[in-house]
Enquirer: 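What follows is a single structure, and I will ask about it in a moment.
One-based numbering, in listed order, for ligands and for the atoms of each. For reference, positions follow the sequence shown, starting with 1. Note that the structure is predicted; figures quoted are calculated from it, not measured.
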Amino acid sequence: MKGFMDNLKKKAKELNRRIVFPESEDERILKAVEIIKKKRFAVPILIGNPEEVQKKAKELKVKLDGIEIHDPKNFPDYEAWAKQLYEQRKNKGMSLEDAHKTLQDYTYFATMMVHMGKADGFVSGATHPTGDTLRPALQIIKTHEKFHKVSSFFIMLLKDKLLIFADCAVEIEPDAKDLAEIAVDTVRTAKKFGIEPRVAMLSFSTAGSAKHPLVDKVKEATAIAKDKLPDVIVEGDIQVDAALVPHICDKKYPGSKLKGDANVLIFPDLNSGNIAYKLVERLAGAMAIGPILQGLKKPVNDLSRGCSVQDVVDVAVITAVSGE
Ligand code: ACO
């Protein structure tokens, strides 16, 4: 499975994207940025006070030579961007003064850099909760299509298997239409990463074995997703054991096209998705790469606050490649 990340790294090197990191106060970010620059996975950009960042880097023996470090207040486009932000958010009650204050927040500034095309993507979340990373992107960068919801997925690398889990980080309580959208976007993303998707719409029921409104939601979502993905195997309602184990699938879901070999698992809500990915990561030793956001106009990705330096590098590589 190491080959999967190696291929993405090769692609990232070719693309040479500009990726911005607003959390320059975090030592994992500084160490990751040094690696990203050295290995040429992307052109990293840091947001922060250049003297303070360099001082911290020196203490950590991290070399930031040649890496751009921008302090929002001294950035040449700061005034123009504050006006732009105000124009974009004034109907939501933002004043010009608010826009100036907001833009001094490093996450908002990094978001604006991506929005205005001065960077190709951003990675944050090592020190901020998910909501604080996502909100600026949802407010400023916005979605590909109007009324389309942003969701996320994890690439779960097991010893002998690669699985995609969605949504484990963003949409708390998707309805049937939202759930179908998560499946459709995840299929699109899986294909972008060279994965041939076989989708299981997970439930506590298999092929109607249980009757409950929560099962009906998954059935309805499956019908919508199938309609939108005529060339992809999408099955549900299905329990996770039937989705992943051929002989259990034979028993519980005769005639299944997945045949217990799903590689894209769509969870019915954020409780199940978030708990599942953490269980597989912690108990099965999977490497969990993500959450990778989907549905936004530009690539923005969140880190877990428990992330390692390697996680930051991997998410930056995925961010660089996602802009394709
Ligand atoms: N897709 C598209 N736009 C959205 C979405 C979405 N899924 N959710 C909110 N928005 C938009 C809103 O329309 C709004 O836009 P506007 O201001 O231009 O009108 C803007 O984003 C802000 O919306 P709010 O509802 O005010 O934002 P809120 O902060 O309440 O919700 C958030 C967004 C943060 C993503 C929320 O859904 C959330 O908290 N999700 C769970 C995050 C989380 O805690 N995950 C688990 C941990 S992650 C981990 O373990 C790796």
Enquirer: Quick one: nearest non-hydrogen protein atom to atom 9 (C) of ligand 1, plus distance?
Expert: L138 CD1, 3.6 Å
Enquirer: How close does the nearest protein non-hydrogen atom get to atom 17 (O) of ligand 1, and which residue and atom is it?
Expert: R89 NH2, 2.8 Å
Enquirer: Any protein heavy atom under 4.0 Å from atom 12 (C) of ligand 1?
Expert: no
Enquirer: Verify the contact flag for atom 34 (C) of ligand 1, where contact means a protein heavy atom under 4.0 Å away.
Expert: yes
Enquirer: Which protein non-hydrogen atom lies closest to atom 27 (O) of ligand 1, naming both residue and atom, and how far is it?
Expert: R135 NE, 3.9 Å
Enquirer: For F154 together with Y277, are the ring centres under 6.0 Å from each other?
Expert: yes
Enquirer: Looking only at protein heavy atoms, identify the closest one to atom 19 (O) of ligand 1 and say how far it is in Å.
Expert: K92 NZ, 2.8 Å
Enquirer: To check your reading of the model: name the closest protein heavy atom to atom 47 (C) of ligand 1, its residue, and the distance in Å.
Expert: T130 OG1, 3.7 Å
Enquirer: Which atoms form the tightest heavy-atom contact between A99 and A82, and what is the distance?
Expert: CB-O, 3.3 Å
Enquirer: Salt bridge between D241 and K252, side-chain N to carboxylate O under 4.0 Å?
Expert: yes
Enquirer: Closest non-hydrogen protein atom to atom 15 (O) of ligand 1, residue and atom name please, with distance?
Expert: K142 NZ, 4.1 Å
Enquirer: Tell me whether N263 contacts the main-chain N or O of R198 through its side chain, where contact means a donor paired with an acceptor under 3.5 Å.
Expert: yes
Enquirer: I want to check something: taking the side chain as every heavy atom from C-beta on, are I19 and I36 in contact at a cut-off of under 4.5 Å?
Expert: no
Enquirer: Taking distance alone, no hydrogens or angles, what donor-acceptor pairs closer than 3.5 Å link side-chain atoms of residues 42-55 to residues at least two apart or in another chain?
Expert:
{"from": "N49", "atom 1": "OD1", "to": "E51", "atom 2": "N", "distance (Å)": "3.0"}
{"from": "N49", "atom 1": "OD1", "to": "E52", "atom 2": "N", "distance (Å)": "3.1"}

Enquirer: Give the atom numbers and elements of ligand 1 that come within less than 4.0 Å of a heavy atom of K278.
Expert: 50 (O)
Enquirer: Which atoms of ligand 1 have any heavy atom of A169 under 4.0 Å away?
Expert: 41 (C), 42 (C), 43 (C), 45 (N), 46 (C), 48 (S)
Enquirer: List the atom of L157, the atom of F4, and the distance in Å for their closest heavy-atom pair.
Expert: CD2-CD2, 4.2 Å
Enquirer: Could any protein non-hydrogen atom be found less than 4.0 Å from atom 31 (O) of ligand 1?
Expert: no
Enquirer: Examine distances only and state if a side-chain atom of S209 and a backbone atom of S205 form a donor-acceptor pair shorter than 3.5 Å.
Expert: no
Enquirer: Pairs under 3.5 angstrom only: tabulate donor-acceptor contacts from the side chains of residues 109-125 to other protein residues two or more places apart or in another chain.
Expert:
{"from": "T111", "atom 1": "OG1", "to": "T107", "atom 2": "O", "distance (Å)": "2.6"}
{"from": "H115", "atom 1": "NE2", "to": "Q88", "atom 2": "OE1", "distance (Å)": "3.1"}
{"from": "K118", "atom 1": "NZ", "to": "D77", "atom 2": "OD2", "distance (Å)": "3.2"}
{"from": "D120", "atom 1": "OD2", "to": "R18", "atom 2": "N", "distance (Å)": "2.7"}
{"from": "S124", "atom 1": "OG", "to": "E23", "atom 2": "OE2", "distance (Å)": "3.4"}

Enquirer: Heavy-atom contacts with G131 under 4.0 Å: which atoms of ligand 1 show up? List them by number with element.
Expert: 34 (C)
Enquirer: Under 4.0 Å from atom 45 (N) of ligand 1, is there at least one protein heavy atom?
Expert: yes
Enquirer: Under 4.0 angstrom from atom 24 (P) of ligand 1, is there any protein heavy atom?
Expert: no
Enquirer: Return the residue, atom name and 0.1 Å-rounded distance of the protein heavy atom closest to atom 50 (O) of ligand 1.
Expert: N274 ND2, 3.0 Å
Enquirer: Would a single hydrophobic cluster contain both I248 and I233, if residues Ile, Leu, Val, Met, Phe, Trp and Tyr are joined by side-chain heavy-atom contacts under 4.5 Å?
Expert: yes
Enquirer: Which residue and non-hydrogen atom of the protein lie closest to atom 40 (N) of ligand 1, and at what distance in Å?
Expert: V170 O, 3.0 Å
Enquirer: I'd like to know whether D302 forms a side chain to side chain donor-acceptor pair (under 3.5 Å) with H128, so could you lay out the CA-CA distance, the side-chain angles of the two residues, the decisive distance to 0.1 Å, and finally the verdict.
Expert: CA-CA 9 Å; D302 181 36; H128 291 87; over 6 Å; no
Enquirer: Out of V150, L134, D178, I172, who gets a non-hydrogen atom closest to atom 6 (C) of ligand 1?
Expert: V150
